[in-house]
Colleague: 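Structure incoming, see below.
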Amino acid sequence: MLKIYNTLAREKQTFTPIVAGKVSMYVCGMTVYDYCHLGHARVMVVFDMVSRWLRASGYAVTYVRNITDIDDKIIKRANENNETIAQLTQRFIDAMDEDSAKLGVLRPDVEPKATEFVSGMLTMIAALIDKGFAYPAANGDVFYAVKNFEGYGKLSGKSLEDLRAGERVEVDTFKKDPMDFVLWKAAKPGEPSWDSPWGKGRPGWHIECSAMSSQLLGEHFDIHGGGQDLQFPHHENEIAQSEAAHGEAAHGHDGASCQMVNYWMHNGFVRVDDEKMSKSLGNFFTIRTVLEKYDAEVVRFFILRAHYRSPLNYSDQHLDDAKLALTRLYTALRGHHVSDSMVDWQHPQAARFKDAMNDDFNTPEAMAVLFDLANEVNKTKSQEATGLLKNLAGVLGLLQRKPDDFLQGEASDALDVERLIQARLTAKKNKNFVEADAIRKQLADAGVVLEDTPQGTTWRRA
RNA sequence: GGCGCGAUAGCAAAGCGGUUAUGCCGCGGCCUGCAAAGCCGUUUAGACCAGUUCGACUCUGGUUCGCGCCUCCA
């Protein structure tokens, strides 16, 4: 039985889908004005793993991950670059697709763009005004009246009083309450805009996700995910919007009668030197930068080797370590022909893997099972263990390449290596070990490690 | 200031009230012409102080330290 840590309840809860056998899941995706960094990689990989496990568990999953393609930063960046917003966003959507594909991330079922759902946002804002949860201000903006939603703060565990006490932002004079947030922004000259009952403008960030999730998954769905930093205010505001808009009562209700989401999942941050990796701190590494140096599967392995809620410290040393660990797994599979068969979940190791994954997606424990299986494969050459190793790893999106493709890489110089290996074998036959060792040294200097086995000599890159 | 999360061996990272986590590194051995890979064994743990318990890394309370959110952020 699957248990999920639900941020809303702050505890692990048994997962029960709204509709038996089906799971609806929405994850906040990227704002596309720049290349994705490792923090984005973690969200993509983590929720890819979640959707894979749900499917492996037999659920029919509808996975929606949105794309924010209209926002202040996008407008600003497009102006700086002298390109249109459409050009800019398409460029970075393409880059994101490239990066995520390399990381073994399967495409979500739906990837809605905010700009294609504006009419739904307008409908929702109108409903919120109608029900007394929002008000148009004199400057053309529309704000959400936070104090009218009694459940405000239930996800992030904050109270309005505490929030107001910690208020650091200059009070916007058009707001009735400093905590009110914008649903609709009046357009400034030269900005892209949509017509609305409140004048030309564009949607606020939070309303995008409320509108897209309800339109694609319904007013009540199973899982909503995202990075920990979205807990407040973004997800809190989504709840306030959706539950207020979809409930019938007006003033003072807490959303209990029209719950938006049953399980809220938040992944931990990627850090650098124990600090959050972020654009504002300037300490971020883009996915493509990292992939210049490290194999994408190593990066995926690195992400899944930690529990999704834990902080994950990025460093070259940790990536190097992940590479060695993954090398051990691929080395175990080398020389074996594994057919893609169904996993026998009765097998003790498979059962252990399943228990780990069902315990709030405990991938580190699941990985430990893979290493135990690798040990068994190395010891017994058991076909069963080998198949299990590959197929269980496949559930995590790992270990699906031919071992030599991983171990030897894109080998443009493979022929030279083979030639030198043959020369060394000849030398060995003639007991000319000085010559044999010289060849091995030559290859080692080129980053090629030789391994003599009873079946012959194999090689891999260091 | 308010709210929340965490502290495990050299590094990374899990489970568990009593029995080997796991990976990398180190050390010893087997294997090997020598290596590498692999196998076997092995050294390093549970921030600190109390309490509960026959027994605590695991539960409770406190202390210290670190991190995050409270502003755009994955």
Side-chain angles (χ1 to χ4, degrees), chain A residues 7 10 27-31 36-47 65 68 71-73 153 156-159 161-170 179 181 205 225-234 236 266-271 274-281 284 301-302 305-307 309-313 315 317-329 331-332 334 352 355-356 359 362-372 374-375 377-381 407 428 431-434 436-437 440-441 444 448-454 457-460 462:
Chain A
T7 306
R10 302 200 178 271
V27 171
C28 289
M30 266 48 80
T31 299
C36 291
H37 57 64
L38 277 181
H40 301 118
R42 192 174 192 190
V43 189
M44 293 196 283
V45 169
V46 160
F47 288 100
R65 191 186 64 205
T68 295
D71 125 304
D72 286 346
K73 285 175 179 167
S156 54
K158 297 177 190 303
S159 70
E161 295 76 65
D162 294 343
L163 287 166
R164 291 195 187 104
E167 183 63 46
R168 293 191 238 149
V169 182
E170 202 176 312
M179 293 317 298
F181 58 89
W205 178 41
Q228 226 153 41
D229 46 359
L230 299 188
Q231 228 172 85
F232 189 92
H234 185 54
E236 196 68 63
H266 292 97
N267 66 274
F269 296 130
V270 175
R271 298 180 181 176
D274 283 318
E275 271 193 325
K276 174 182 173 181
M277 177 184 288
S278 73
K279 296 225 169 131
S280 33
L281 286 172
F284 64 92
F301 179 90
F302 166 71
R305 193 164 61 141
H307 186 86
R309 284 190 281 117
S310 305
L312 180 62
N313 242 327
S315 74
Q317 190 205 329
H318 296 155
L319 267 290
D320 289 339
D321 188 75
K323 180 187 173 182
L324 288 170
L326 189 55
T327 297
R328 174 171 165 81
L329 294 179
T331 302
R334 187 165 53 179
R352 187 151 81 92
D355 287 347
D359 182 15
N362 191 342
T363 52
E365 178 67 21
M367 294 265 195
V369 173
L370 300 184
F371 284 98
D372 286 347
N375 178 259
V377 169
N378 288 332
K379 251 190 297 198
T380 67
K381 308 291 173 204
L407 296 168
K428 276 178 64 175
K431 306 275 184 205
N432 186 351
F433 295 121
V434 175
D437 290 351
R440 187 167 62 197
K441 175 78 163 51
V448 172
V449 180
L450 296 188
E451 291 166 7
D452 293 336
T453 75
T457 299
T458 60
W459 64 278
R460 65 181 164 87

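A note on names: the letters A, B, ... follow the listed sequences, proteins ahead of strands, and every chain is numbered from 1.
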Colleague: Between A:Ser156 and A:Gln231, do the side chains contain a donor N or O and an acceptor N or O under 3.5 Å apart?
Modeller: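 Distance-only check fails for A:Gln231 and A:Ser156.
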Colleague: What does the B/S/- profile of nucleotides 30-39 of chain B look like, 5' to 3', with a 4.0 Å heavy-atom cutoff to protein?
Modeller: ---BBBBSSS
Colleague: Report the residues that fulfil side chain to side chain contact (heavy atoms under 4.5 Å, CB included) with A:Asp71, sequence neighbours left out, ordered by chain and then residue number.
Modeller: A:Thr31, A:Thr68, A:Lys73, A:Ile74
Colleague: Return the value, rounded to whole Å, for the distance between atom CZ of A:Phe232 and atom P of B:rA74.
Modeller: 17 Å
Colleague: Under the 3.5 angstrom rule, does the side chain of A:Arg271 hit a backbone N or O of A:Met277 as a donor-acceptor pair?
Modeller: no
Colleague: Please determine, for the side chain of A:Phe371, which listed nucleotide (B:rU71, B:rU22, B:rA74) has the closest atom?
Modeller: B:rU22
Colleague: If you look at every strand shown and take non-hydrogen atoms under 4.0 Å, does A:Asp320 touch a base, only sugar-phosphate, or nothing?
Modeller: nothing
Colleague: Of all residues at least two apart in sequence or in a different chain, which pass the side-chain hydrogen bond (donor to acceptor under 3.5 Å, both in side chains) check with A:Lys276?
Modeller: A:Asp229
Colleague: Provide, to the nearest angstrom, the distance between the CD atom belonging to A:Glu365 and the P atom belonging to B:rA21.
Modeller: 12 Å
Colleague: From the options B:rA12, B:rA14, B:rC11, select the nucleotide whose nearest atom is closest to the side chain of A:Pro364.
Modeller: B:rA14
Colleague: Could you tell me how far apart A:Gln231 (CD) and B:rC70 (P) are, to the nearest whole angstrom?
Modeller: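 Distance check: A:Gln231 CD to B:rC70 P gives 10 Å.
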Colleague: Listing time: all N or O pairs from protein to nucleotides 65-68 of chain B that are below 3.5 Å?
Modeller:
from   : atom 1 : to       : atom 2 : distance (Å)
B:rC67 : O2'    : A:Arg271 : NH2    : 2.9
B:rG68 : OP1    : A:Lys276 : N      : 3.4

Colleague: Describe, in one word, how the ring planes of A:Phe371 and A:Phe301 are oriented to each other, choosing from parallel (under 30°), tilted (30 to 60°) and perpendicular (over 60°).
Modeller: perpendicular
Colleague: Mind checking side-chain hydrogen bond (donor to acceptor under 3.5 Å, both in side chains) for A:Lys428 and listing every partner two or more places apart, or none if nothing turns up?
Modeller: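 side-chain hydrogen bond (donor to acceptor under 3.5 Å, both in side chains) check on A:Lys428 returns A:Asp452.
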Colleague: Taking atom P of B:rC69 as reference, at what distance in whole Å does atom CG of A:Leu230 sit?
Modeller: 11 Å
Colleague: Just to be sure I understand: a Watson-Crick pair is purine N1 to pyrimidine N3 plus N6-O4 or O6-N4, both under 3.5 Å. Using that and G-U wobbles, which stems of three or more pairs involve RNA chain B?
Modeller: B:1-7 with B:64-70, B:10-12 with B:22-24, B:26-30 with B:38-42, B:47-51 with B:59-63
Colleague: Could you tell me how far apart A:Leu312 (CG) and B:rC11 (P) are, to the nearest whole angstrom?
Modeller: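 Those two atoms, CG and P, are 17 Å apart.
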